[in-house]
Number of protein chains: 2
Amino acid sequence: MARSFGQYCGVSTALELVGERWALLIVRDLLVGPRRYTDLKQGLPRVPTNILSARLRELQDAGIVRRVALAHCGLVYELTPYGRELEDVVLALGRWGFKAMGAPEDGDVVTIDSLTMALRTAFRPDAARAQPDTAYELHVGDVALLATVANGALAVRPVANARPVDLVAATGEAREPQLVIAAGPRIRDVIAGTLAPDAAIAEGAVHVLAGEAALLERFAATFHLDPEVAERAS
Amino acid sequence: MARSFGQYCGVSTALELVGERWALLIVRDLLVGPRRYTDLKQGLPRVPTNILSARLRELQDAGIVRRVALAHCGLVYELTPYGRELEDVVLALGRWGFKAMGAPEDGDVVTIDSLTMALRTAFRPDAARAQPDTAYELHVGDVALLATVANGALAVRPVANARPVDLVAATGEAREPQLVIAAGPRIRDVIAGTLAPDAAIAEGAVHVLAGEAALLERFAATFHLDPEVAERAS
DNA sequence: CCGGATCCGAATCGATACTG
DNA sequence: CAGTATCGATTCGGATCCGG
C-alpha cells in the first residue's frame, strides 16, 4: 500500500495508514458522524476529488472506514470501531495545532465538522461539571452550531438542522440556548486563553446575540486549552 | 511553507507543520533526547538525506526543533518546549498504530529510539505502582536497553552505553536488572496482550537470559496496551 | 445532484553521488 | 560529520468528464 518507512514500530505503522495527505482530515470529519462523499468534499473544499476517493479506498482497505448503503438515501462513509479509536490522535493533534494557529489565511474556511471537533478538543469535563448545565449557540462565519453541556458531557449539533425535530426531542438535547454568540476567528484566542471574555466583547471579537454577556465567562471556562507550560527534564 | 489545507482549524494547522512525510518520526526520535544529524540518519535508515535536512529546516522554521552547537562536540538537534508538547500526539499515534502492527516486513528495523518510545507508549504508571520497582534489560534484534521502573515512573536508556558510568550512578538509575530478556518481534504480542508471557517463553518468542522467568508477567503488566473495546454511540 | 474516473502539469519524494 | 546536488519515479492538484 503506502511506501513503508522500514521500521517495526507503532508510530510508523500508524503513519503508513493515516499519514498521507488529507487522510486525518477525512477522519476528523467522520469522527463527527457518517458522511456522504459530497459532504466530505464540501467539508474539505480544497481536496481534489481523485485524492478524496483514493484516500477513502485506502482507509477502507485499512479497516478504518466502512462504506454503508442507506436504504433509499445513498451511500455514507463511517468509521469502523478501530477508526473511531483515532479520536485520541485527532484530539491530540488538534490541541497542539490550536496553539500554533495565527490569523486565518485568505480563503481559509471554518466548517461545521472542524468547529465541532475544535469544541471537543477544548472541552473540559471537570470545568463543565463545576458549573450549571448550559446550552450555547455559536456562529462563526456561516457555520452555526448548538453546544449543549450537561452532566459533564458535551453534545454538539448543527443549528440549522436537517434532522427531524422529534429526533432532537427524543435525545433530550433540545433546549433553548442560554447564550447565542457570533464570533470571528478571534474566538480562537478566547479558547486559547489569550483574550479575556469581556475584552473579546469590548473589542467586537465576539457579539452576544442573545442571553447574558456574562455567560461568555462560563463558555471560556468550559472550552479552554491551557498553556501546559511544558516544564520537563530533557 | 507547506501547502495549505485551506481551513482555520487546529488539526489542519498541526498537519501543515508536522504532517509531511518523515516529520513525526524525526520528532519521535528527538523525544528520546537530542540527536545529531548522523544519529537521526542512522535511526531512520530509509530517509533520504535531502529529505532529512529539508524536514529539519522546516521543523526549525516552525519553532519545533532547535539546532544547538555543543562545545567541541559538533551539532545536535533538540526539541523546543513547544516541540516537546508533541509527545501526546506521538504517543497517541504509537498506541493506535501498535495495534495494527502485524509481522515485520522484510528489512524492517527496530531502533533504540523507536523501542524506547514504544515502551513509553505502553507504560502503565498505575500498574507499575502496584508492583515492586524493577529494572528490565530488553534485547530486540541488535538493540538493547535498560528500562527502570521506580515510583511509578519509567526511565529508559541504552544498555551498551556511551555515557560515563558516574553519570549513571549520579542519576540513581544504575542497578542490576532483575530480568534480562531477548525477544523477537513477537514481543509486540506480549505487550498487546495477545500472547501470554508463559506462552511467549514456551514458544521461544522471548528468551530469559537472566533473572526469574516469572518476572515476565510483571513486565507484561507494566507495559501493556489494552484492547480499549471502543463501545461508543456512533 | 451524487459518486466518482480520467488526464495532465506541478510539486514532492527517493536514490545516489558528491562536497566543505 | 553534516549536509548539497541531481535526476528519475511518485504523488498531488486542478480540471474535466461520465454514468446513474
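Remember, it's a predicted structure, so these values are computed and weren't measured experimentally. Numbered from 1 within each chain, the chains take letters A, B, ... in sequence-line order.
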Under the 3.5 angstrom rule, does the side chain of A:T13 hit a backbone N or O of B:M101 as a donor-acceptor pair?
no

Using OP1 and OP2 only, check whether a side-chain N or O of A:R57 sits under 4.0 Å from C:dG3.
no

Look at the side-chain N and O atoms of A:R3 and state whether any lies under 4.0 Å from the OP1 or OP2 oxygen of C:dG14.
yes

For the side chain of B:T49, starting at C-beta, report the closest nucleotide among C:dG4, C:dA17, C:dC13.
C:dA17

Atom CZ of A:R35 and atom C1' of C:dG3 are separated, to the nearest Å, by 17 Å

To the nearest angstrom, the CZ-C1' distance between B:F5 and D:dG13 comes to 13 Å

Side-chain N or O of B:R21 less than 4.0 angstrom from OP1 or OP2 on C:dG14?
yes

Between A:R36 and A:S4, who's closer to the 5' end of DNA chain C by nearest nucleotide?
A:R36

Mind checking B:S53 for me? I need base, sugar-phosphate or nothing, with any heavy atom below 4.0 Å counting as a touch.
base

Taking the side chain of A:R55 as heavy atoms from C-beta outward, which of C:dG14, D:dC12, D:dC1 is closest to it?
D:dC12

What is the nucleic acid contact for A:L75, judged by heavy atoms within less than 4.0 Å: base, sugar-phosphate only, or nothing?
sugar-phosphate

Which of C:dG3, C:dC13, D:dC12 is nearest the side chain of A:Y37? It is C:dG3

What class does the angle between the rings of A:W22 and B:F5 fall in, given that below 30° is parallel, 30 to 60° is tilted and above 60° is perpendicular?
perpendicular

If an axis is fit to five pairs at each end of the helix from C:dC1-D:dG20 to C:dG20-D:dC1, what is the angle between the two, to the nearest 10°?
30°

To the nearest Å, how far apart are B:L56 CG and D:dC1 P?
16 Å

Roughly how many Å is it from CH2 in A:W22 to C1' in D:dT11, rounded to a whole number?
14 Å

Measure the distance from CG on A:L59 to C1' on C:dG4 and round it to the nearest whole Å.
16 Å

Among all residues two or more places apart in sequence or in another chain, which pass the side-chain hydrogen bond (donor to acceptor under 3.5 Å, both in side chains) test with A:S114?
A:T111

Test for a donor-acceptor pair under 3.5 Å between the base of D:dG13 and the side chain of A:N50, counting only N and O atoms.
yes

To the nearest Å, give me how far apart CD1 (A:I51) and C1' (C:dC8) are.
13 Å

Would you say B:Y77 places a side-chain N or O within less than 4.0 Å of OP1 or OP2 belonging to D:dC1?
no

To the nearest angstrom, the NZ-C1' distance between A:K41 and C:dG4 comes to 8 Å

Mind calculating the distance between CZ (A:R46) and P (C:dA11) to the nearest angstrom?
15 Å

Are any of the side-chain nitrogens in A:E87 or A:R120 under 4.0 Å away from the carboxylate oxygens of its partner?
yes

Of the listed C:dG4, D:dC1, C:dC13, the closest approach to the B:T38 side chain comes from D:dC1

Ring pair (Phe, Tyr, Trp, His ring centres under 6.0 Å) with A:F123: which residues, sequence neighbours excluded?
A:F223

Of the listed C:dC7, C:dC13, D:dT11, the closest approach to the A:E20 side chain comes from D:dT11

Are the charged groups of A:R35 and A:E78 less than 4.0 angstrom apart, N to O?
no

The side chain of A:R67 lies closest to which of these nucleotides: C:dG4, D:dC12, D:dT4?
C:dG4

What verdict does the salt bridge (charged side-chain N to carboxylate O under 4.0 Å, His left out) test give for B:R3 and B:E16, after you've listed the backbone C-alpha separation in whole Å, the side-chain angles of each residue and the deciding distance to 0.1 Å?
CA-CA 7 Å; B:R3 296 158 290 173; B:E16 283 163 13; over 6 Å; no

State, yes or no, whether a side-chain contact exists between B:D88 and A:L93 at a heavy-atom distance under 4.5 Å.
no

